[in-house]
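Everything quoted here is computed from the prediction, not taken from an experiment. Only heavy atoms go into these numbers, but all of them, side chains included; no hydrogens, no water, no symmetry mates.
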Amino acid sequence: MAASPVEYTIGGVKIHFPCKAYPSQLSMMNSIIRGLNHGQHCLLESPTGSGKSLALLCSALGWQQAQLGKSALTETNEKKLLQEESQPKKSSLASRLSEKLQSCLSSDCGKDDDFQPDRKRIRPAETKVVIDAFIYFYFSIQPPQPCSRCSCDSAKESVKDRDTDGKKEIPKIFFGTRTHKQITQIAHELKRTVYSNVPMTILSSRDHTCVNTEVVSHFNRNERCKDLLEAKDGKSCRYYHGVQKMRDQYTLQQVHGLREAWDVEDLVTLGKRLRSCSYYAARELMQGASIIFCPYNYLLDPMIRESMEINLAGQILVLDEAHNIEDCARESASITLDYKSLQMSSDELDSMVNNNIRRSKHELLRNFCYSLINWIQESKSLMLEREYEAASKVWSGKDIVGIFHNLGITADTFSILKQNLAAILEKEERVGFVNGKEDMVQIPIISSATSTVLKNLFMVLDFLYRENCRFAEDYRVALQKSYAWNNQVPPDVPDAQGFFVRPYRRQRQSVRIKTEVLTLSFWCLNPAVAFSDLSWSVRSIVLTSGTLSPMGSFSSELGVKFSIQLEANHVINKSQVWVGTVGAGPQGRKLCATFQHAETYAFQDEVGALLLHVCQVVAKGVLCFLPSYKMLEKLQDRWTKTGLWEKLEEQKTVITEPRGGVKGDFDELLQVYYSAIKNGEERDGALLMAVCRGKVSEGLDFTDDNARAVVTIGIPFPNIKDLQVELKMRYNDQHCKARGLLPGRCWYEIQAYRALNQALGRCIRHRNDWGALILVDDRYRNNPNKYITGLSKWVRQLVQHHNTFSNAMQSLVAFTQGQTPCSTVSSSNCHLPVTVEGQSQPKASQPQTPHSYINLVEPQQVTSSSTCPSFSRAQLESEQNETVVPLVSILKDSNVCALFTSCKLVDTCGHHCNN
C-alpha cells in the first residue's frame, strides 16, 4: 500500500512530500528553506539511505514554486491596478476614498509575508491563481504580439521593458552530482514527487547523448561531431538540423509525452525516434528549465561552463555527493599539458602564419608557444631525480609569474593574447575561387586540439593574473619527466643504392621503444580559487553528502561561509547494522595494513582466510574494499597461487573491479554480480573485490541482498610519495594559521576517512535494509581516539571492538541469523507513520491521513549470544499488514515476547502499558 502524500509548511513554504518524512529529512528541508530564504550557503550531512535526495528535491522545488506563486500574485495585482487606472475616474468623495483604500490594500499584498503567522496560508481562490500562473509561466508557447496599427504598440513595448527590467527573476536550480548514473537515480526520485512535471533538462557529454551512428562509432566523438557541424568533408549532421523538434519544454511534454521526470536514456530514445540531436536539445532545453541536472564538474570547471553556456549568476547551486568537492574544485582550476601536444599546437600555428591566414594574430600565439617550448627545454637541466626513471622540478606560482614576465608574458600581453585567440576562432568568409568560379570561401581555423591546448593554458593564466596576481601563491607548477614503452613498427631503411627494401611480413613486427615523456602541470592547491567564481555570484550553495565528516575543513578549503550546517542521524535502528573492528585473523596474526605489513605473505594469507570466513557466514552479496589497485592485484596473485582464490569461488562468484576500462565492460561486470546474487544456485551469492575511490565506492546502489556485508581492509590513505599530495600537505602547513586551513597531516588523514566512509555507505540503503560493516585493521582498536573519530557519526556510535577473530565471527553469526527472517521486508523509502519517542507529531494544520501513533522506547541491548531473531517495529507492522494474525497468537511467540518485554508501549492517549 503506497503512502499518502504529506504537505509540510516550513519557513512559510508549502512542501509536498510523497510520504511522511523522516526526522532527518525534516531537518534537511528546514535547513535548505532557511538557506534559500536568506541567500545563505548550507553544508548538510545525512547518512546514505536516509532519503536526502527526496528532501533536496522537494524543498528546493517547493521554495521555487512558492517564489513563482508570489511573482504571479504580484503581477496579477499590478494588472488589476492598471485596469482600474485606465477606467474613467469618478469625481465623488466616496469614489476617491475607495480608490485610496484599494491602493493601500494592493501595496500590502506585494509585501513579503513569509514570517507573519496570520498570513501564511493561501486562500483557495488565490491558490487557483498561483497554479494557473505556474502553468502559464512555463508552457506559454508564444506571447501575444502587440498590434502595429495604433498607438498601443508603443505603450505595450514600454510595459514589456518595465517587466524585463523590474520583474523578479525566479532562480533556476542547478543540481550537480558526481556521475551520470547518480543523475538517473535522482530523476527516478523526482518522478515520485508532485514536482515530477517541472520543466527540466540533463546536461551530459556526447558519449551519453549522441544518436548519430557515424559519430558514435568514432574514437573521438567530440572531434567528429564538430567536423560534421562545420561540414569539413562535405557532410553535415542531419540530427543536428532536426534539433528544433524537441528543443522547448512545451513540445517535449505536451507533444512528445515526456510529462514526468525523465533521464538521459529517455531523451536519447526520443532523439533516435525523431532523428533529432539529443545532445544539443538538452542544452536548448536549459533556457526554459526550472531544474538542470549535470555532473558537478560541469558547474565547477570554467572551461565546461563556457562551452555549455552555463550562467550561474543568481541561481541555486545544489551539489549532491559533495564529499569530493574539494578535489574536484582543485582539478577544475588545474591542467597538465603534454610537451608533444604543445609542439603540435605551435606547428599548426606556424602553418597558419606561413599560409598568410590571419597572420598577425596567429603569429603572436605561435610566439607564445615557442617561448614555452624553449623554457621547458632549458629547464630540463634543473630537474631532480625523485625515483627510478622519474625526475621533476617545481616552481611556486609567484616564481612562474616572474619567469613568464622575463619571457614577455605579462598581464597586459596576456590580455592581447586572449583577444587574438577569440579572433582566430571566429568563423569568417571571404571571396575566393572554387573550381575557377568566384565564390564565398570560409577562412580556415585551427583544430579543436590546438584550441583546447590554448584555452586550457589561458584558463590557468587567467587565474594567475587575476586581481593583481591574487591567486599566484595558490599554484605550483611542476615539470616532470618519465619514460613510457610504446609499440612501434620500424621504418623502411634505404639500402646502399638508395632503394627501400621492405623485409618479409614475418620479420616486420612492432618493437617496444622506450620514449621520454615530458609534462608541464599547473596545479591549483586551493579549491577556493575555482569556487571564487561561484560563491559571490550564486544565490545559495547547498553541499550535501552522506560522508562530509569531518565538516570543519570545507569552509576554510572552499573559502565559503556555510552559515547553516547539519549532521543528521540515520533512520535505521541499531539492531539493523553490525559495526565491528577486527584486528587479527583466524590464525591470530595481527592485521595492520601499513605498507610494510601489507607486502608480506603472512598478512596476505591471513586477510584471505578472514575474507573466506566472512563469505561463509554472510549470505548473498559481500563487498570488499582495498586501499589501492596495487594491493588488489597483489592479493589476487597471491591467493591464486595458494589456492585460496579457488576456495572463494567455490563459495561465491568472485568479481574484481577493473582499473579504468570501458564503461560498458564495467556495467556488464555489475550485471554478473547482481545476477549471481539473484539467481545463484550452485554458489551463495557473490563477492565483489573493489578499491576505495574507485567506481564501485562512488554512488552505486547496493540495496538489500546486493550488500549484506562491507569489508574494508586497512585505511585508504593517499599515496604519500605522490608529488601533488606532498605539495598540498606543504601548502596547508604554510597557510594553516593565516587562512585557518587544516595542517597538512590532518588534511591527509581526512582524505582517507572520506574515502573509507564512502565505501562503508554502500551498505544500508533504506530504512528496512540491514547489513554488517567489518573494519579490518588493528589500528582501530589500539588507537580509537585517532582512527575512529574520523568515521561518520552514525558509524562511530555503533563501533564494537573485538579482541579475537572468533569473538567477532560469533557476534556476526548471531547478527546475520537474527536478521534473516526480516530479509523479505519491502525496501520502499516511504514508511509507516511511526514516530520515535520525543519526536513531535505533525501539526494539526498539515493535512494528514488519520493514523494511530505508536511510540517505542528503544529495547535494551541483549548481551546474550542467543541467535533468536530481532524484529524492528516497522518490520513487525509491515508483516502484520500482509498477514492478519490474532494478537494473542503473536504474543505467544517467544521471540516477540522477548522483544516486547524490554519495551514500553504508548497508546494514542499517551498511557504507558508495561509488557
Worksheet item: Taking W395 as the fixed residue, which of W375, W523, F404 is the one that meets the ring pair (Phe, Tyr, Trp, His ring centres under 6.0 Å) rule?
Response: W375
Looking at [X] and [Y], does any basic side-chain N land under 4.0 Å from a carboxylate oxygen?
X: K380; Y: E516; value: yes
X: R358; Y: E426; value: no
X: D637; Y: K634; value: no
X: K340; Y: D338; value: no
X: E633; Y: R659; value: yes
X: K728; Y: E557; value: yes
X: E389; Y: R386; value: no
X: D327; Y: R754; value: no

Item to complete: Look at the aromatic rings of Y787 and Y780 and report parallel, tilted or perpendicular, splitting at 30° and 60°.
Response: perpendicular
Donor-acceptor contacts under 3.5 Å from residues 741-752 side chains, at least two apart:
residue	atom	partner	partner atom	Å
Y748	OH	P718	O	2.6
Q751	NE2	W747	O	3.2

Compare every heavy atom of [Y] with every heavy atom of [X], then report the nearest pair and how far apart it is.
X: L382; Y: K393; value: O-CD, 4.0 Å
X: L756; Y: G714; value: CD1-O, 4.5 Å
X: L479; Y: S379; value: CD2-CB, 3.8 Å
X: F554; Y: L548; value: CE1-O, 3.4 Å
X: P716; Y: A755; value: CG-CB, 4.0 Å
X: S556; Y: R739; value: CB-O, 4.2 Å

Is the closest side-chain donor-acceptor distance between [X] and [Y] under 3.5 Å?
X: E657; Y: Y629; result: yes
X: D301; Y: N297; result: no
X: D320; Y: Y296; result: no

If you define the side chain from C-beta out and look only at heavy atoms, does anything of [X] sit under 4.5 Å from [Y]?
X: D347; Y: D350; result: no
X: D778; Y: L591; result: no
X: L518; Y: M383; result: yes
X: E467; Y: Y465; result: no
X: V560; Y: L543; result: no
X: E321; Y: Q182; result: yes
X: I446; Y: L454; result: yes
X: F174; Y: V538; result: no

Does [X] [atom1] have over 12 foreign heavy atoms under 6.0 Å away?
X: H218; atom1: NE2; result: yes
X: D722; atom1: CG; result: yes
X: M459; atom1: CE; result: yes
X: K641; atom1: NZ; result: no

[atom1]-[atom2] distance between [X] and [Y], expressed to the nearest 0.5 angstrom:
X: I335; Y: T519; atom1: CD1; atom2: OG1; value: 11.0 Å
X: S205; Y: R221; atom1: OG; atom2: CZ; value: 8.0 Å
X: M303; Y: T452; atom1: CE; atom2: OG1; value: 7.0 Å

Fill in: Pairs where residues 400-410 contributes a residue and the test side chain to side chain donor-acceptor pair (under 3.5 Å) is met, not counting sequence neighbours
T410-T413
Practice prompt. Determine, step by step, whether L349 and C369 satisfy the side chain to side chain contact (heavy atoms under 4.5 Å, CB included) criterion, reporting the C-alpha distance in whole Å, the side-chain angles of both residues, the deciding distance to 0.1 Å, and the verdict.
Written response: CA-CA 9 Å; L349 291 168; C369 291; 3.9 Å; yes
Worksheet, complete the sentence: Only residue of L43, I325, I541 satisfying side chain to side chain contact (heavy atoms under 4.5 Å, CB included) with L558 is I325
Item to complete: Determine, for F471 and R466, whether the Lys NZ or Arg CZ falls below 6.0 Å from the six-membered ring centre while staying within 45 degrees of the axis.
Response: no
Practice prompt. Measure centre to centre between the rings of F368 and F458, then say whether the value is under 6.0 Å.
Written response: yes
